[in-house]
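Notes follow once the structure below has been shown.
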2 protein chains.
Amino acid sequence: MSSAVDEGPRPGGRPSGAPTIYDIARLADVDPSTVSRALNRPGRVNAKTVERIMAAAEQLRFRVNPIARALPTGRTRTLAVLVADITNPVVFGIIRGAAQEAAAHDYTLLIAESEESGEREATAARRLLHSADGLILATTRLDDAAIRALAREKPLVTINRDVGGAVVGVLPDLAAGVGAAVEHLVALGHRVIGYLPGPATSWISERRREAIEEAVRARDAEVVVFGHTAPTREGGAAAVDALVRSPATAVIGYNDLMMLGVLAAGAERGLDVPGDLSLIGFDDIFGSDFTTPPLTTVRMPLLEAGRRAVRTLLTSENTGELLPTELVLRASTGPRT
Amino acid sequence: MSSAVDEGPRPGGRPSGAPTIYDIARLADVDPSTVSRALNRPGRVNAKTVERIMAAAEQLRFRVNPIARALPTGRTRTLAVLVADITNPVVFGIIRGAAQEAAAHDYTLLIAESEESGEREATAARRLLHSADGLILATTRLDDAAIRALAREKPLVTINRDVGGAVVGVLPDLAAGVGAAVEHLVALGHRVIGYLPGPATSWISERRREAIEEAVRARDAEVVVFGHTAPTREGGAAAVDALVRSPATAVIGYNDLMMLGVLAAGAERGLDVPGDLSLIGFDDIFGSDFTTPPLTTVRMPLLEAGRRAVRTLLTSENTGELLPTELVLRASTGPRT
DNA sequence: TTGTAAGCGTTATCAC
DNA sequence: GTGATAACGCTTACAA
């Protein structure tokens with residue numbers, strides 16, 4: 001066969017030369033329906049017959065055609081992850097966890113990136129509705145109403161976002177990690193703590209802000225909230241000026257990625273971290289431990305989030321339990337000077 | 001709808017409540033086959049009829065069911081990427097590129113991880129054969145024969161591996177990047193250059209070694225080849241002892257990931273890079289630029305590799321052209337002291 | 001326990 | 001230009 005997917009007509013309408021249950025049936029001298037039964041519910045078929053059928057299947061190197069199976073059943077054994085930006089290291093963790101858990105349940109994972117607007121994402125989601133048994137919305141740009149509408153059509157879970165209603169979200173327990181982070185800063189003598197938020201539309205960015213505000217309120221310090229910032233290294237780099245000019249002696253950023261940008265751009269202009277400014281991120285992405293200084297961060301169990309999302313979809317056993325977060329102490333935080 | 005994928009029987013055998021071409025046909029008062037035609041080859045249908053059909057489709061918010069379409073056509077508009085280890089940052093780049101290009105052609109990407117043995121990978125691949133129109137083997141552990149067998153059944157392309165025969169591989173032009181790397185080291189005064197190879201089974205690791213040996217041969221220096229090493233940070237960390245004891249004053253590693261490990265473990269034991277030892281990696285993965293010192297590396301166009309793989313699958317226009325590699329100069333290399 | 005037959009939502013081959 | 005009709009490969013009542 002050539003390497004091109006769309007090359008040449010398939011002969012006789014037979015799309016692939018792969019063996020079917022009909023081939024097995026002929027070989028084992030039974031009806032195709034019996035083959036189907038033997039394959040799916042061996043208990044409902046005579047043991048000897050099952051044996052014969054299995055032998056034939058083996059001999060023909062038969063694999064059920066999941067597409068053909070999906071048509072009558074409506075089940076594809078496929079789960080889809082929809083992400084706005086596959087570039088984001090946060091989604092790596094999620095995808096990885098989801099892929100592993102899916103594989104464990106013998107499901108396949110579909111990845112769709114919406115890159116652009118929520119509009120594009122909605123289109124992608126609607127397409128996926130047919131091909132997947134469930135949807136995982138990871139860094140979605142859809143609005144609550146759109147998500148709820150989708151959830152009415154297919155099992156769906158969101159990650160790091162709660163849209164309320166009947167929609168299940170895999171959410172972090174921010175209090176623990178954020179509490180520890182703020183406590184840590186206060187113990188180091190910081191009294192003015194900055195928060196560098198992500199995009200205005202990010203649900204989780206606002207939750208992180210709230211958690212910080214609450215933790216600070218309980219601890220005789222104050223919060224300065226900066227302007228909304230792109231959750232990228234570039235975004236962080238662009239924010240350095242504002243951070244430096246503010247009275248904050250420590251800044252918690254919406255995510256590690258932008259703090260990596262702060263670190264890099266800061267270093268270029270002689271900013272001493274943590275001497276001049278202490279920095280904390282969120283997520284604990286790959287790479288946040290080998291910057292200079294390595295980044296102190298509130299770890300989100302990304303892998304577990306992906307796993308949990310799949311498990312929720314597959315078993316519906318959603319305990320509603322929040323994923324634990326924890327402070328990972330590294331060297332980007334130090335005493336106020 | 002509940003959140004569980006496998007919950008409750010679907011009523012009446014009708015798997016989904018989604019509108020079908022039959023619904024459109026009724027609404028537009030034509031035969032379903034005409035609807036299908038209008039949707040696929042509007043030219044072959046009366047313009048007015050097409051209009052009516054489109055309006056009806058719009059009104060019903062119709063989306064073709066890709067599963068149902070795939071059955072008679074044998075085409076799923078889905079491409080599968082098979083990777084051994086989704087943890088590897090190298091595959092991020094590849095997946096990202098593949099996902100983008102696939103989306104651009106209105107194809108969906110399936111991710112499968114084989115984690116374990118080549119055996120497991122073979123099973124995964126055979127399953128995928130039914131669901132995908134083409135296969136991309138990214139960090140495969142399959143042997144040449146198995147790959148060629150798969151390629152006989154479905155369009156297939158390998159990345160960073162050449163199995164010969166009719167199988168297309170997306171391969172790098174190592175000479176340029178490796179030549180520059182060796183040239184750079186020699187110019188810095190290094191005369192004994194080490195190569196820290198990846199796993200013994202890695203095809204591309206051997207090519208990298210050959211490229212280095214060839215480049216060194218041309219430049220009055222010599223190569224020391226270390227033992228095969230796991231292509232992970234742990235692998236690199238474990239190799240530090242050997243590197244330090246060897247006469248090599250500069251080491252090129254199979255990939256960035258392991259060099260990150262060398263860097264971290266080396267720093268712990270007071271190894272000065274590049275003072276004591278110059279280090280070069282391969283790939284230029286995310287994160288290799290924010291270590292201390294940032295890693296000099298031979299960049300592989302990972303994103304482009306993913307893109308190219310998809311394009312090759314979709315258009316069969318494989319020019320056989322090798323992807324350019326280049327030396328990215330950072331601070332992990334310095335003069336021999 | 002097994003066979004018969006209808007149906008899943010499309011596409012494709014015929015006629016008309 | 002459009003309508004019947006038969007696939008595609010599998011599942012699933014319902015009968016036997």
Side-chain angles (χ1 to χ4, degrees), chain A residues 6 9-26 28-53 56-57 60 62-77 127 129-131 133, chain B residues 6 9-53 56-57 60 62-78 127 129-131 133:
Chain A
D6 57 0
R10 313 267 173 156
R14 188 85 177 288
S16 75
T20 73
I21 57 170
Y22 286 84
D23 300 320
I24 299 181
R26 209 171 309 120
D29 195 37
V30 291
D31 190 87
S33 65
T34 304
V35 175
S36 173
R37 240 177 268 124
L39 257 28
N40 296 305
R41 279 176 291 273
R44 285 180 148 32
V45 173
N46 184 304
K48 292 231 146 195
T49 313
V50 171
E51 223 169 273
R52 230 167 57 237
I53 291 177
L60 296 173
F62 171 85
R63 308 255 126 203
V64 281
N65 181 335
I67 302 286
R69 169 177 289 181
L71 200 45
T73 61
R75 303 252 145 82
T76 58
R77 289 196 83 80
R127 273 193 56 189
L129 242 32
H130 272 128
S131 337
D133 293 345
Chain B
D6 57 357
R10 314 269 173 156
R14 188 85 176 288
S16 74
T20 72
I21 56 170
Y22 286 85
D23 300 320
I24 299 181
R26 210 171 309 122
L27 197 58
D29 196 37
V30 290
D31 189 89
S33 63
T34 304
V35 175
S36 174
R37 238 177 269 124
L39 258 27
N40 295 305
R41 277 175 293 274
R44 284 176 148 34
V45 175
N46 183 305
K48 292 231 147 196
T49 313
V50 171
E51 221 169 273
R52 230 166 57 238
I53 290 177
L60 296 173
F62 170 86
R63 309 254 126 204
V64 281
N65 182 335
I67 302 286
R69 172 180 295 195
L71 200 45
T73 61
R75 303 250 147 83
T76 58
R77 289 197 83 80
T78 291
R127 274 194 54 189
L129 244 32
H130 272 128
S131 337
D133 293 346

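Fair warning: this is a prediction, and the values are worked out from it, not measured in the lab. Numbered from 1 within each chain, the chains take letters A, B, ... in sequence-line order.
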Would you mind reading off the distance between His130(B) atom NE2 and dC10(D) atom P, rounded to a whole angstrom? 7 Å

Closest heavy-atom pair, Ala57(B) versus Ile24(B), reported as atoms and distance to 0.1 Å, is CB-CD1, 3.6 Å

What is the separation between atom CZ on Arg44(A) and atom P on dC14(D), rounded to the nearest whole Å? 14 Å

Candidate nucleotides dG9(C), dT2(D), dG9(D), ranked by approach to the side chain of Asn46(B) - the nearest: dT2(D)

Measure CD1/Ile67(A) against C1'/dG9(C) and give the value in whole Å, please. 13 Å

Starting at CZ of Arg37(B) and ending at P of dT13(C), how long is that distance when rounded to a whole Å? 12 Å

Is Arg41(A) near enough to dT12(D) that one of its side-chain N or O atoms lies under 4.0 angstrom from OP1 or OP2? yes

Closest non-hydrogen contact found for Val50(B) with Ala38(B) is CG2-CB, 4.4 Å

CG of Asp23(B) versus C1' of dT10(C): gap in Å, rounded? 13 Å

Whole angstrom value for the distance that separates C1' of dT5(D) from CD1 of Ile21(B): 13 Å

Without decimals, in angstroms, what is the distance between Asn65(A) CG and dC8(C) P? 19 Å

Nearest-angstrom distance from the residue atom CD1 of Ile53(B) to C1' of dG1(D): 11 Å

Whether Arg69(B) contacts dG9(C) is assessed here as follows: a side-chain N or O lying under 4.0 Å from the phosphate OP1 or OP2. Is that the case? no

Specify the closest pair of heavy atoms between Ser131(B) and Pro66(A), including all atoms of both residues, with the distance to one decimal. OG-CG, 3.6 Å

Could you check which residues of residues 29-36 of chain B get a heavy atom under 4.0 Å from DNA chain C? Sort them by number, please. Ser33(B), Ser36(B)

Give, for atom CG of Leu71(A) and atom CZ of Arg69(A), the distance between the pair rounded to the nearest 0.5 Å. 13.0 Å

Got a second to check how far Phe62(B)'s CZ is from Leu60(B)'s CG, nearest 0.5 Å? 9.0 Å

Look up atom OG1 in Thr34(B) and atom CG in Leu39(B), then write down how far apart they are to the nearest 0.5 Å. 11.5 Å

Among Asp31(B), Val35(B), Val30(B), exactly one meets side chain to side chain contact (heavy atoms under 4.5 Å, CB included) together with Ile21(B). Which residue is that? Val35(B)

Can you tell me whether the side chain of Tyr22(A) and the base of dC10(D) have a donor-acceptor pair closer than 3.5 Å? yes

